[in-house]
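The model shown is predicted, which means the values in this text are computed figures rather than measured ones. Just so you know, ligand 1 is whichever comes first in the structure, and atom 1 is the first atom listed for that ligand.
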Amino acid sequence: MTRHFLRDDDISPAEQAEILTLAAELKADRWRERPLAGPQTVAVIFDKSSTRTRVSFAVGIADLGGVPLIISTADSQLGGKETASDTARVLERQVAAIVWRTYGQAGLELMAAGTKVPVVNALSDEFHPCQLLADLMTIKQHRGELAGLTVTFLGDGASNMGQSYLLACATAGMNVRIGSPAAYAPSADVVTDAAIIATSTGGSVAVMVDPVAAVSGADVVVTDTWVSMGKESEKAARVAVFGAYQVDSAMMSHAKADALFLHCLPADRGYEVTADVIDGPQSVIWDEAESRLHAQKALLVWLLRQQ
Ligand code: CP
Ligand code: NVA
């Protein structure tokens with residue numbers, strides 16, 4: 001049966017572990033897997049801007065023996081002109097998989113329901129699950145094990161990154177804390193879903209308003225832009241509310257002394273994080289950006305094996 005990856009909890013804890021192990025193997029042996037040899041094509045569609053996702057999928061698909069077909073929605077019939085389901089029906093006869101960065105999660109669900117090839121969420125308003133595979137791979141690279149670690153995401157808890165942190169870290173058996181203003185808390189449904197997963201993995205989930213309490217004793221501190229794509233008109237209001245959640249060296253001092261710092265990038269230095277932290281010794285952002293390549297290759301290999 002076709003498997004899709006639209007949310008972090010579309011894979012079980014065992015499947016997540018299997019994909020992360022494969023990602024580490026592919027990092028060590030980059031051209032080992034060639035499931036797209038032929039070459040087969042993978043459509044990679046962007047409704048929003050991207051540097052890392054575009055490059056890592058294009059390079060990763062080429063590494064797997066395939067051809068990436070990068071499509072900007074603005075130059076295609078998708079996006080108001082043709083439905084996601086009709087687009088899916090056209091693509092599935094020609095491509096091995098569909099990767100899509102879009103706005104609402106509902107579009108991805110329509111696309112997946114309409115096709116027999118795997119559909120991958122390359123970021124939606126609600127989730128960024130490929131980034132979380134990369135983040136978990138990076139934390140594992142630096143800490144060995146994921147289960148039992150405490151990870152704190154500070155900032156917009158209702159954003160794709162905040163919500164994916166909840167689901168993916170609960171799946172990995174981690175203790176995940178979101179520190180965000182009350183008006184930017186993650187959706188109650190996502191918190192409930194993460195809490196249910198955590199009961200089976202030994203992890204835990206907490207949503208807090210106090211940033212210092214959220215960061216206290218954490219093994220990993222994470223933040224992201226306060227102004228996600230599509231929210232640009234809210235920038236002034238957001239900057240006014242999120243100031244107390246900035247990750248600076250004083251905030252990092254509340255975490256463990258050797259806590260890792262992650263940021264999916266792009267970063268607004270001076271807003272959600274100060275330059276001394278993001279460019280400092282605890283920051284693993286460049287490993288994290290590289291992990292996108294290995295983690296997404298592992299995901300594609302795994303999804304194609306389930307076909
Ligand atoms: N982290 C991330 O998804 O970066 P891009 O927006 O550059 O793809
Ligand atoms: N939360 C950010 C992530 C960018 C990779 C956004 O959606 O713009």
Side-chain angles (χ1 to χ4, degrees), residues 5-8 23 42-61 68 70-74 99-105 107-108 120-139 152-169 178-181 184-187 190 221-235 237-239 241-242 245-247 261-269 271-273 278 283-297 299-300:
F5 190 56
L6 309 185
R7 306 170 33 128
D8 309 82
V42 174
V44 190
I45 309 169
F46 290 94
D47 298 359
K48 295 174 176 168
S49 305
S50 168
T51 297
R52 277 143 292 271
T53 306
R54 189 185 304 254
V55 171
S56 55
F57 269 109
V59 171
I61 289 160
I70 309 285
I71 301 169
S72 291
T73 312
V99 177
W100 188 14
R101 167 168 287 194
T102 188
Y103 291 88
Q105 191 74 7
L108 282 157
V120 173
N121 178 359
L123 179 148
S124 64
D125 290 340
E126 288 89 347
F127 301 106
H128 197 0
C130 290
Q131 181 70 52
L132 262 289
L133 286 178
D135 287 18
L136 293 181
M137 177 184 183
T138 307
I139 297 167
T152 299
F153 176 90
L154 276 193
D156 184 359
S159 69
N160 39 32
M161 286 299 293
Q163 300 204 135
S164 272
Y165 255 89
L166 280 171
L167 295 179
C169 295
I178 305 294
S180 62
Y184 296 92
S187 116
V190 173
V221 179
V222 189
T223 191
D224 182 24
T225 180
W226 296 334
V227 190
S228 285
M229 290 180 275
K231 306 286 186 195
E232 290 80 0
S233 66
E234 301 172 16
K235 180 166 181 177
R238 285 171 169 263
V239 168
V241 172
F242 281 110
Y245 297 81
Q246 183 185 65
V247 181
F261 173 78
L262 278 82
H263 189 310
C264 68
L265 304 178
D268 284 329
R269 284 175 168 79
Y271 287 87
E272 73 271 11
V273 61
I278 197 167
S283 174
V284 290
I285 56 166
W286 307 124
D287 287 339
E288 182 184 4
E290 181 191 332
S291 296
R292 295 292 301 277
L293 171 67
H294 312 300
Q296 288 159 192
K297 284 171 66 182
L299 173 70
L300 287 174

Student: Would you check whether L265 has a nitrogen or oxygen atom less than 3.5 angstrom from a nitrogen or oxygen atom of ligand 1?
Tutor: yes
Student: Could you tell me how the ring of W226 sits relative to the ring of F242: parallel (under 30°), tilted (30 to 60°) or perpendicular (over 60°)?
Tutor: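 Answer is parallel, since the angle falls under 30°.
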Student: Tell me whether D156 is salt-bridged to K231, with the criterion being a basic N under 4.0 Å from an acidic carboxylate O.
Tutor: no
Student: May I ask you to identify the nearest protein heavy atom to atom 4 (C) of ligand 2, giving residue, atom name and distance to one decimal place in Å?
Tutor: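 Here the closest protein heavy atom is L123 CD1, 3.9 Å.
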Student: Output the list of atoms in ligand 1 that are nearer than 4.0 Å to some heavy atom of C264, sorted by atom number.
Tutor: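 Answer for ligand 1: 1 (N).
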Student: Measure D156 to ligand 2 on non-hydrogen atoms and call it side chain, backbone, both or neither using the 4.0 Å cut-off.
Tutor: neither
Student: CG of L265 to CD1 of I278: how many Å apart, nearest 0.5 Å?
Tutor: 5.5 Å
Student: With nothing but distance in play, are any N or O atoms of R54 less than 3.5 Å from an N or O of ligand 1?
Tutor: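 Among all N and O atoms of R54, none is under 3.5 Å from an N or O of ligand 1.
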Student: If you have a sec, work out which protein heavy atom is nearest atom 4 (O) of ligand 1 and how many Å separate them, to one decimal?
Tutor: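 The closest heavy atom on the protein side is R52 NE, 2.9 Å.
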Student: Measure N160 to ligand 2 on non-hydrogen atoms and call it side chain, backbone, both or neither using the 4.0 Å cut-off.
Tutor: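 Side chain only.
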Student: Check S159 against ligand 2 and report side chain, backbone, both or neither, counting heavy atoms closer than 4.0 Å.
Tutor: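 For S159, no heavy atom sits under 4.0 Å from ligand 2.
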Student: Could you tell me whether S228 and ligand 2 have an N or O pair separated by under 3.5 Å?
Tutor: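 There is such a contact, yes.
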Student: Atom 6 (O) of ligand 1: which protein heavy atom is closest, and how many Å away?
Tutor: R101 NH1, 2.9 Å
Student: Nearest protein heavy atom to atom 2 (C) of ligand 1, by residue and atom, and its distance?
Tutor: R292 NH1, 3.3 Å
Student: Can you check whether M229 has an N/O within less than 3.5 Å of an N/O in ligand 2?
Tutor: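 Such a contact does occur with ligand 2.
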Student: Nearest to atom 1 (N) of ligand 2, what protein heavy atom do you find, and at what distance?
Tutor: D224 OD2, 2.6 Å
Student: What atoms of ligand 1 come within less than 4.0 Å of a heavy atom belonging to T51?
Tutor: 5 (P), 7 (O), 8 (O)
Student: Sub-3.5 Å donor-acceptor pair from the side chain of S124 to the main-chain atoms of E126, do we have one?
Tutor: yes
Student: Less than 3.5 Å between some nitrogen or oxygen of M229 and one of ligand 1, yes or no?
Tutor: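 No, since none of the N or O atoms of M229 sits under 3.5 Å from an N or O of ligand 1.
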